[in-house]
Amino acid sequence: MRTLYSPDAPPPKGFYTLLTASVTPRPIAWISSLSADGVRNLAPYSFFTVASGEPPILSVTSLGHKDSWRNIRDTGEFVVNIGTESLMEVMNETSAPLPADVDEFEVVGVHAEASDVVAAPRVAEAPIAFECRRHDIIEVGNGTLLLGEVVSVAVDDDVLAEDGLPDFGSLLPPSRLGRLEWGYAPQTRWIARPKG
């Protein structure tokens with residue numbers, strides 16, 4: 001037996017909550033950006049994935065037109081920082097709806113460091129930072145796809161494995177689940193892809 005829902009007949013807490021409690025775990029893009037006036041902004045986004053490998057493009061969805069959306073639209077640059085389990089609470093703090101002229105770096109006490117290519121700063125405490133230039137902005141329903149072409153990646157040596165790639169067990173990135181739940185890094189296993 002199954003319970004059926006539709007956008008016209010959603011569960012009691014709404015269709016959005018059904019989506020976010022079902023599509024899990026979701027990686028978090030901790031986006032740092034600068035306003036046109038030079039104000040630093042920092043906010044987590046859990047609608048986040050890779051959109052293209054060549055060219056390397058990341059996709060982040062903003063529900064509504066928030067400060068990150070405006071900054072990316074106006075300046076064309078942003079950084080996707082990858083946080084760790086130890087940063088979970090501070091990442092959550094940066095989701096507060098603060099005025100656009102407030103610097104979230106200062107409010108939550110994380111350190112900004114200069115990026116290599118873009119003007120927007122990286123989060124010094126985050127072990128991976130993808131510096132991006134705006135590729136496209138696409139309005140979809142009540143969301144906006146923010147597509148950023150990766151122009152530089154900074155990775156802390158502490159999370160690199162012998163093959164030169166980030167080691168998941170060293171990185172320990174948190175994820176968003178449903179409701180107010182955050183996820184710790186799960187157990188992993190290797191499975192070879194089938195040969196055709």
Side-chain angles (χ1 to χ4, degrees), residues 13-49 58-115 118-132 134 137-148 154 156 171-185:
K13 294 196 173 193
F15 212 78
Y16 169 80
T17 58
L18 176 63
L19 290 172
T20 57
S22 302
V23 182
T24 60
R26 296 185 310 281
I28 302 167
W30 200 14
I31 294 183
S32 51
S33 61
L34 282 176
S35 72
D37 296 328
V39 178
R40 297 181 302 196
N41 182 265
L42 186 58
Y45 289 83
S46 67
F47 290 8
F48 161 54
T49 193
L58 299 180
S59 171
V60 179
T61 299
S62 174
L63 297 182
H65 293 160
K66 301 175 183 175
D67 293 339
S68 300
W69 167 85
R70 184 177 52 256
N71 294 347
I72 293 167
R73 180 199 66 187
D74 292 349
T75 69
E77 297 183 340
F78 62 104
V79 178
V80 172
N81 302 277
I82 305 297
T84 62
E85 288 178 354
S86 63
L87 295 168
M88 197 180 296
E89 285 81 9
V90 74
M91 292 172 74
N92 184 57
E93 286 180 43
T94 61
S95 67
L98 300 175
D101 61 350
V102 173
D103 183 332
E104 278 90 354
F105 281 85
E106 290 183 4
V107 170
V108 302
V110 294
H111 301 92
E113 68 179 16
S115 292
V118 302
R122 302 188 300 235
V123 176
E125 290 84 352
I128 302 177
F130 294 94
E131 298 178 28
C132 299
R134 183 187 65 235
I137 295 178
I138 303 169
E139 300 289 332
V140 180
N142 72 338
T144 304
L145 289 174
L146 305 169
L147 299 175
D156 284 356
L171 182 59
L172 296 176
S175 60
R176 282 290 285 125
L177 309 173
R179 304 168 190 85
L180 300 177
E181 297 171 308
W182 285 63
Y184 289 95

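If you read the sequence from its start, that first residue is 1, and numbering goes on from there.
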Do C132 and V118 come close enough that some side-chain heavy atom pair is under 4.5 Å? no

For the CG atom of L146 and the NZ atom of K66, what is their distance to the nearest 0.5 Å? 10.5 Å

For the OG atom of S86 and the CD atom of E125, what is their distance to the nearest 0.5 Å? 9.0 Å

Side-chain donor/acceptor of T17 to backbone N/O of G14, under 3.5 Å: yes

Passes side-chain contact (heavy atoms from CB on, under 4.5 Å), I137 versus L145? Steps please. CA-CA 6 Å; I137 295 178; L145 289 174; over 6 Å; no

Provide the closest heavy-atom pair for A126 versus N81 in the form atom of the first, atom of the second, distance. CB-CB, 3.8 Å

Using only atom types and a distance under 3.5 Å, with no angle test, would you say the side chain of R176 pairs donor to acceptor with the backbone of P25? no

Between E131 and R122, does any NZ, NE, NH1 or NH2 come within less than 4.0 Å of an OD or OE carboxylate oxygen? yes

Quick check against the 3.5 Å criterion: does R134 have a side-chain atom that pairs as donor or acceptor with the backbone of I72? yes

Checking T20 against R26 for the side-chain contact (heavy atoms from CB on, under 4.5 Å) test, could you report, in this order, the C-alpha distance in whole Å, the side-chain angles of both residues, the deciding distance, and whether it holds? CA-CA 9 Å; T20 57; R26 296 185 310 281; 3.7 Å; yes

How far apart are the closest heavy atoms of A185 and L172, and which atoms are they? CB-CD2, 3.7 Å

Evaluate the criterion side-chain contact (heavy atoms from CB on, under 4.5 Å) for residue pair M91 and W182; output intermediate values, then yes/no. CA-CA 11 Å; M91 292 172 74; W182 285 63; 4.0 Å; yes

Test log, rule side-chain contact (heavy atoms from CB on, under 4.5 Å), inputs F78 and V80: CA-CA 7 Å; F78 62 104; V80 172; 3.7 Å; yes

What do you reckon, is OH of Y184 surrounded by more than 12 foreign heavy atoms closer than 6.0 Å? no

Does F47 reach the side chain of S62, with side-chain heavy atoms less than 4.5 Å apart? no

Check whether any side-chain heavy atom of T61 lies under 4.5 Å from a side-chain heavy atom of L63, and answer yes or no. yes

CG on L58 to CD1 on I31, rounded to 0.5 Å: 9.0 Å

CE (M88) and CD (E93) are apart, to the nearest 0.5 Å, by 13.0 Å

Give, for atom CG of L171 and atom OG1 of T84, the distance between the pair rounded to the nearest 0.5 Å. 7.5 Å

What's the spacing between F130 CZ and I128 CD1 if we round to 0.5 Å? 5.5 Å

What's the shortest heavy-atom distance between V79 and S115, and which atoms? CG2-OG, 3.6 Å

Determine whether I82 and F48 make a side-chain contact, defined as any pair of heavy atoms from C-beta on separated by less than 4.5 Å. yes

Can you confirm whether V102 sits close enough to V107 that some side-chain heavy atom of one is under 4.5 Å from a side-chain heavy atom of the other? yes

F105 side chain reached by V123 side chain, heavy atoms, under 4.5 Å: yes

Heavy atoms of S33 and N71 approach each other most closely as OG-ND2, 3.0 Å

Contact summary for S32 and A120, nearest pair of heavy atoms: O-CB, 3.9 Å

Are the side chains of W30 and V110 in touch, meaning some heavy atoms are under 4.5 Å apart? yes

Is a side-chain donor-acceptor pair under 3.5 Å present for T94 with E104? no

Compare all side-chain heavy atoms of L34 with those of P121 and state whether any distance is below 4.5 angstrom. yes

Do you see a donor-acceptor pair shorter than 3.5 Å between the side chains of S68 and N41? yes

Minimum heavy-atom separation for P174 and E85, please, with both atom names. CD-N, 3.8 Å

